[in-house]
Amino acid sequence: MAELTPWQRLLAANLVEGEAPLDDQPHWSSRFLLGMVGWLAAIFLLLFLFMALEEFTREANHALVLGGILMAAALGLNRSARRSAKSSDLGDQFVLALALAADAWLLYGLIDRVDLHSALLWLGLCLLSLAIAALFDHWLVRLFHSFAAAILLALGLACLGLQLLALPLVMTALTVCWLQAEREPMRHQLYESLTLGLALSLLVLGRLHHPLWEGGASALDELGLSRLPLWLNPLLCAALLLGVMVKLRLPLLYGLPLVLISAIIPGMGAGALVLVLGFYGGSLGLMALAGLLLLGFGSLYYYDLGLTLMVKSWLLLGSGALLLGARQLLKLLSAREKA
């Protein structure tokens with residue numbers, strides 16, 4: 001007997017009626033080509049504007065005006081396409097290219113006029129980026145601008161000497177967005193794009209906290225020396241991870257090792273939090289990002305250890321044996337619970 005299709009199963013359960021709906025979506029290759037055409041059209045338009053208004057855009061005020069016009073045009077195209085329910089890949093990519101070009105001109109106009117060590121500049125740009133993410137009904141625009149907002153927040157806090165609070169604050173915002181997506185399924189795409197943008201920013205934030213060269217200062221410390229003790233960052237991350245596990249009612253017996261590692265190794269709490277949220281929500285994207293975060297922060301910690309290669313080798317060997325033992329212990333405990 002042939003296996004029933006998903007639509008036939010729904011018919012058998014009296015959940016639907018009639019014929020199966022036709023898939024009118026174009027093939028992915030056609031969508032890819034349309035997206036590329038959208039980017040090419042936007043690039044040619046921007047090149048034309050740059051060549052025609054080269055003298056005009058060299059001044060900061062004029063660059064701000066042009067950036068505002070391009071952003072308004074992108075927003076208008078995005079809103080009109082959503083109202084007419086005729087959005088296309090070509091139009092969506094054109095809107096994305098216009099929005100990113102507008103960002104570049106706005107950033108150029110602002111940075112040319114304001115002191116780079118001004119916290120108001122970076123925090124104001126963070127709020128602007130969040131406003132753009134809220135106004136646009138575009139998945140990629142939201143992702144890019146939530147990513148940018150997190151980086152700008154870190155730069156603003158660095159000017160105040162509070163850069164160690166950037167990672168816990170971004171982790172808190174990420175958690176709120178993802179849990180809100182679970183509570184509001186109708187707006188899941190909105191919160192999902194914001195969550196992925198914030199999770200991507202964690203990869204960059206870890207590098208910004210790391211020294212630019214051996215014995216040098218980090219990019220954030222170049223804006224302002226930290227006023228907070230270094231141990232506060234991993235401790236706050238571990239406390240947030242523990243709070244999320246309690247909130248989601250996850251088994252603390254299995255999660256406490258993650259909390260302990262997060263309190264010792266800077267940045268590991270971010271990877272562990274994204275991993276927990278990814279497993280809880282069934283998001284492969286978040287789980288993949290969590291793997292990159294854990295690998296990245298673990299590598300930074302490994303290379304920062306002031307130990308010889310021999311000691312590091314024994315440390316890796318012992319860590320591997322410990323993880324294998326923990327895995328076997330968890331399997332035994334799970335088998336006992338099922339029994």
Side-chain angles (χ1 to χ4, degrees), residues 60 63-64 67 103-104 106-134 142-177 194-195 197-244 262-274 293 296-297 300-301 304:
L64 287 173
D103 288 336
L106 288 172
L107 188 62
Y108 165 72
L110 287 171
I111 287 180
D112 195 56
R113 300 179 58 183
V114 185
D115 180 20
L116 294 181
H117 289 79
S118 171
L120 290 177
L121 167 66
W122 301 114
L123 295 178
L125 287 175
C126 173
L127 293 176
L128 176 62
S129 188
L130 288 175
I132 293 172
R142 289 170 178 161
L143 184 145
F144 282 128
H145 284 85
S146 60
F147 171 87
I151 304 301
L152 292 168
L153 173 65
L155 297 176
L157 291 174
C159 294
L160 300 174
L162 304 176
Q163 54 264 48
L164 293 179
L165 297 180
L167 200 64
L169 287 176
V170 174
M171 290 169 58
T172 302
L174 185 151
T175 304
V176 171
C177 286
L194 295 176
T195 301
L198 294 172
L200 280 171
S201 71
L202 295 175
L203 290 169
V204 181
L205 288 178
R207 189 66 187 89
L208 290 178
H209 280 287
H210 198 261
L212 298 174
W213 56 84
E214 187 175 355
S218 67
L220 296 179
D221 288 339
E222 291 290 337
L223 293 174
L225 295 177
S226 176
R227 302 178 182 178
L228 303 174
L230 292 175
W231 54 263
L232 184 62
N233 181 281
L235 193 62
L236 288 176
C237 294
L240 178 60
L241 176 62
L242 181 61
V244 169
S262 301
I264 297 173
I265 303 177
M268 294 297 281
L273 177 70
V274 176
L293 286 167
F297 283 114
L300 289 175
Y301 181 74
D304 281 344

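What you see below is based on every heavy atom in this structure, not just the backbone, and it leaves out hydrogens, waters and symmetry mates. Along the sequence shown, residues are numbered consecutively beginning with 1. Values in this document were obtained by computation on a predicted structure and should not be read as measured data.
Heavy atoms only, all atoms of each residue included: S146 and L198 are closest at O-CD2, 3.7 Å. Of all the heavy atoms in A133 and H145, the pair that sits closest is CB-CB, 4.0 Å. When every heavy atom of L164 is checked against every heavy atom of P229, the shortest pair comes out as CD1-O, 3.3 Å. Across all non-hydrogen atoms, the minimal contact from C177 to T195 is CB-OG1, 3.4 Å. Minimum heavy-atom separation, F147 to V204: CZ-CG2, 3.6 Å.
For the pair L152 and L128, the minimum side-chain heavy-atom distance is 4.5 Å or more. The shortest distance between side-chain heavy atoms of L202 and L174 falls below 4.5 Å. With contacts defined as side-chain heavy-atom distances shorter than 4.5 Å, the pair L157/L169 qualifies. Contact annotation: the side chain of C237 approaches that of L167 to within less than 4.5 Å [non-hydrogen atoms, C-beta and beyond].
Residue M171 holds its CE atom at 4.5 Å from CG of L273, rounded to the nearest 0.5 Å. The line from CZ of R227 to CG of L160 is 7.0 Å long, rounded to the nearest 0.5 Å. The CG atom of L235 lies 11.5 Å from the CG atom of L240; values are rounded to the nearest 0.5 Å.
With sequence neighbours excluded, the residues that form a side-chain contact (heavy atoms from CB on, under 4.5 Å) with L236 are L165, P168, L232. Residues meeting the side-chain contact (heavy atoms from CB on, under 4.5 Å) test with C159, sequence neighbours left out: A119, W122, L223.
Of the possible polar contacts, none joining the S129 side chain to the L125 backbone as a donor-acceptor pair under 3.5 Å is found. Here the side chain of S201 pairs no donor or acceptor atom with the backbone of I151 at under 3.5 angstrom.
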Hey, mind stepping through F144 and D103 against side chain to side chain contact (heavy atoms under 4.5 Å, CB included) and telling me if it holds?
CA-CA 11 Å; F144 282 128; D103 288 336; over 6 Å; no
